[in-house]
Amino acid sequence: MEEIRGIWDSSRLTNMGPKHEKLRAQLKDYLQVEYLDLLTNGHMALEMTLQAMNLRGEVITTPFTFISTTHAIVRNGLEPVFCDIDPTDFTIDVTKLESLITDRTTAIVPVHVYGNVCQVEEIDRIAKKYGLKVLYDAAHAFGCTYKGMGVGNFGDASCFSFHATKVFNTVEGGAVSYHDLDLGMRIYQLKNFGILDEETVAGIGANAKMNEMCAAMGLCNLRRIDENINQRKMVVSWYRSYLENVPGLQLNPVQENVQTNYSYFPVVVDEKAFGSSRNEIMKALAMQDIYARKYFYPLANEVHCYKGRFNPDQTPVARHISRRVMTLPLYPDLQEEDVKQICEIILSCKK
Ligand SMILES: Cc1ncc(COP(=O)(O)O)c(C=O)c1O
């Protein structure tokens, strides 16, 4: 309430007002990135950034993601080419990237899925070798670091989501971090209809500005972000203590050189070894009003609207994981006894 009171005093409700600018500066520091802009959501950050990159042709990406990643590529008139994923951390499999590059490839859009950081060094090497742009979908990776560096520093740009379900939220919101000031200027214009100045509309933009109410929410949430991430870390440690080393359950890896944000707790269920399937476990949980999510099923290359357009057989690892993975409830004030109960229900499905 205190934070939004200032909005009435300033009479600025949107259009890059003082809260927007304050949040932008604070997030730039928190994420340790060179430049940052705020947008209305993570999806528009992806769409506007791809548009600002002026790309043509094919974009290599992962099917193991929220559909937003693929839609942003397709809605820019670009052709997604799906690369399979690593079976342990679920990020794009860099050993398969080069074989997908053609003379039409112009960019790579990898996803730091679940806050697991992609193989940024290898992606950088490949991108440089072939002259490709790299846009990271960092929707899950708020506050993650690799070798002590904010994850938003890698590639040409990274897009974050501040949706209400994310580690850091502005109700709805998003951001893009980038290195090139010209790219940043184009994104800034595109998110405001392509307007350059009072009399000049320089680009075919949209409306993707973050408003002052959302920025105020962000300023509030940023004050408690470290505390929230630490609480999430605790919740994850409880899950691990109950589920680690259970035959048939594959847990999210602890990545070397990565400081994660504990945004998701995915579990991959091998029915043969565990005795019950992912779906059976989810049903048992739902009977007790506990809702795990099938993140990510179906894959982006097999959803209804893309039927017949892509071939999910070409990403067999992603398909395998997608049929077996569930993400368990995870939020800062989830209590230890609730985690224990969730795990007991899961383990009661073991045969
Ligand atoms: C991987 C991924 N990309 C993009 C988005 C889109 O973000 P938003 O919901 O803020 O538009 C999300 C989340 O919603 C996501 O999980």
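Start at 1 and go down the list; that is how both ligands and their atoms are numbered.
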Around [atom], find the nearest protein heavy atom and jot down its residue, atom name and distance.
| atom | answer |
| --- | --- |
| atom 12 (C) of ligand 1 | Phe66 CD2, 3.4 Å |
| atom 2 (C) of ligand 1 | Ala139 CB, 3.4 Å |
| atom 4 (C) of ligand 1 | Ser68 OG, 3.3 Å |
| atom 3 (N) of ligand 1 | Asp137 OD2, 2.7 Å |

Parallel, tilted or perpendicular: rings of Phe64 and Phe90 (30°, 60°): tilted
Relative to the heavy atoms of [X], which atoms of ligand 1 are at a distance of less than 4.0 Å?
| X | result |
| --- | --- |
| Gly173 | 10 (O) |
| Gly42 | 7 (O), 8 (P), 10 (O), 11 (O) |
| Thr65 | 1 (C) |

Check the side chains of [Y] and [X] for a donor-acceptor pair under 3.5 angstrom, ignoring hydrogens and angles.
| X | Y | answer |
| --- | --- | --- |
| Asn261 | Ser263 | yes |
| Gln255 | Tyr146 | no |
| Lys209 | Asn211 | no |
| Tyr30 | Asp226 | yes |

For ligand 1, the portion of Lys166 having any non-hydrogen atom under 4.0 Å away: side chain
Basic-acidic side-chain contact under 4.0 Å: Glu79, Arg309: yes
Residues Glu344, Lys340: salt bridge by 4.0 Å N-O rule: yes
From NE2 (His112) to OG1 (Thr91), nearest 0.5 Å: 9.0 Å
Any Cys159 heavy atom less than 4.0 Å to ligand 1: no
Axial cation check for Tyr297 ring with Arg278, 6.0 Å and 45° limits: yes
N/O separation below 3.5 Å, [X] to ligand 1:
| X | value |
| --- | --- |
| His43 | yes |
| Phe162 | no |
| Ser161 | yes |
| Tyr264 | no |

The one among His140, Glu47, His71 that brings a heavy atom closest to atom 16 (O) of ligand 1: His140
